[in-house]
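Some notes on the structure that comes next.
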Amino acid sequence: QGRFAAATQASESLGGGGRRRGGGRAAEYSAVASKRRQFAAISRDLNQIFFDFPFAVPEYFALITRALIVLEGIALTGDKDFDLFQAAYPLAAQHAA
């Protein structure tokens with residue numbers, strides 16, 4: 001709660017205090033919190049898979065993952081309903097087939 005309050009205060013001091021589409025800051029914070037919970041759940045699942053089935057992961061995997069997280073953050077800034085997994089699904093399904 002403290003970080004959110006500080007971020008809100010900083011945003012208002014920079015001129016970002018107006019209401020935005022989708023219900024304002026509360027809706028935006030809720031969308032970001034939901035994405036964080038989703039990402040944490042996926043991270044836990046992946047960690048468990050890596051623990052249960054040890055295998056080598058290419059070194060660049062961490063860099064690609066980090067880039068995806070940054071890009072998702074940028075996309076969420078423009079569209080609070082953006083879902084990286086939904087956007088990537090068609091390409092992933094095509095490669096899996």
Anything under 3.5 Å between a donor and an acceptor, one on a side chain of residues 84-97, the other on a protein residue two or more places apart or in another chain? List them.
none

Side-chain heavy atoms under 4.5 angstrom apart, residues restricted to Ile, Leu, Val, Met, Phe, Trp, Tyr: same cluster for F82 and L68? yes
Could you grab the distance from atom CG of N47 to atom CG of D52, nearest 0.5 Å is fine? 11.0 Å
Quick one: CZ on R36 to OG on S43, what's the gap to the nearest 0.5 Å? 13.0 Å
How long is the span from the CD atom in E72 to the OG1 atom in T77, to the nearest 0.5 Å? 10.5 Å
T65 OG1 to L46 CG distance, which is reported to the nearest 0.5 Å: 8.5 Å
Inter-residue atom distance S34.OG - F39.CZ, 0.5 Å rounding: 14.0 Å
Got a sec, which residues hit side chain to side chain contact (heavy atoms under 4.5 Å, CB included) with L63, two or more places apart in sequence or on another chain? none
